[in-house]
Colleague: 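Next up is a structure, given as structure tokens.
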Amino acid sequence: MEYDRNLFGEIERFVKIKILDREYEVPDRLELLRVFQFLDFHIDYARLCWNASCQKCFLEVDREGGSQKVLACRTKSQESMTIMKLPPTIKAS
Ligand code: FES
């Protein structure tokens with residue numbers, strides 16, 4: 001996959017994460033909102049602030065067997081992360 005270095009910086013390694021039961025390889029330690037951009041998901045740019053103010057990027061990740069709500073613009077990708085629910089502002093492609 002080709003990517004824009006200006007958007008994602010130097011990618012040192014990729015990790016496997018799951019989004020809605022599908023597995024993806026994405027850059028490690030990248031904000032999830034950028035991960036969705038990397039994956040070419042549909043992002044409602046007009047409604048998202050990208051700086052933790054609007055609160056419209058909450059998604060649910062699986063943490064220690066339970067779900068936890070986190071902000072996509074403030075949470076970084078890591079190996080084996082499982083995203084169980086996306087916000088209405090982001091659609092998988
Ligand atoms: S994009 Fe606004 S809080 Fe995350």
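When a ligand or atom number is given, it counts from 1 through the structure's own listing order. Model, not experiment: these values are computed from the prediction.
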Colleague: Closer than 4.0 Å to some heavy atom of Ser53 - which atoms of ligand 1 meet that?
Modeller: 3 (S)
Colleague: Any side-chain to backbone donor/acceptor pair from Ser67 onto Glu60? Under 3.5 Å, distance only.
Modeller: no
Colleague: If you measure from each heavy atom of Ala72 to ligand 1, is any distance below 4.0 Å?
Modeller: no
Colleague: Would you confirm whether the ring centroid of Tyr24 sits within less than 6.0 angstrom of the ring centroid of Phe41?
Modeller: yes
Colleague: In the protein, which heavy atom is nearest to atom 1 (S) of ligand 1, and how far is it?
Modeller: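 Looking only at protein heavy atoms, the one closest to atom 1 (S) of ligand 1 is Trp50 N, 3.2 Å.
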Colleague: Would you say Asp21 has more than 12 foreign heavy atoms packed within less than 6.0 Å of its CG?
Modeller: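 It does not: Asp21 CG has 12 such atoms or fewer within range.
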Colleague: So, does Ser77 use its side chain to make a donor-acceptor pair with the main chain of Pro27 at under 3.5 Å?
Modeller: yes
Colleague: With a cut-off of 2.8 Å, does Cys49 place any N/O/S atom under that distance from atom 4 (Fe) of ligand 1?
Modeller: no
Colleague: Start with the C-alpha distance between Leu33 and Ile90, add both sets of side-chain angles, then the distance that settles side-chain contact (heavy atoms from CB on, under 4.5 Å), and finish with yes or no.
Modeller: CA-CA 9 Å; Leu33 209 43; Ile90 297 162; 3.6 Å; yes
Colleague: Is the distance between atom 4 (Fe) of ligand 1 and the nearest N/O/S atom of Cys54 smaller than 2.8 Å?
Modeller: no
Colleague: Can you list the atoms of ligand 1 that are under 4.0 Å from a heavy atom of Gln55?
Modeller: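 Heavy-atom distances to Gln55 below 4.0 Å select 2 (Fe), 3 (S).
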Colleague: Report the C-alpha distance between Leu39 and Ile19 in whole Å, list the side-chain angles of each, state the deciding distance to 0.1 Å, and finish with yes or no for side-chain contact (heavy atoms from CB on, under 4.5 Å).
Modeller: CA-CA 11 Å; Leu39 292 172; Ile19 304 172; 3.7 Å; yes
Colleague: Can you tell me, to 10 degrees, how wide the angle at atom 4 (Fe) of ligand 1 is between SG on Cys57 and SG on Cys73?
Modeller: 110°
Colleague: Could you list the atoms of ligand 1 found under 4.0 angstrom from a heavy atom of Ala52?
Modeller: 3 (S)
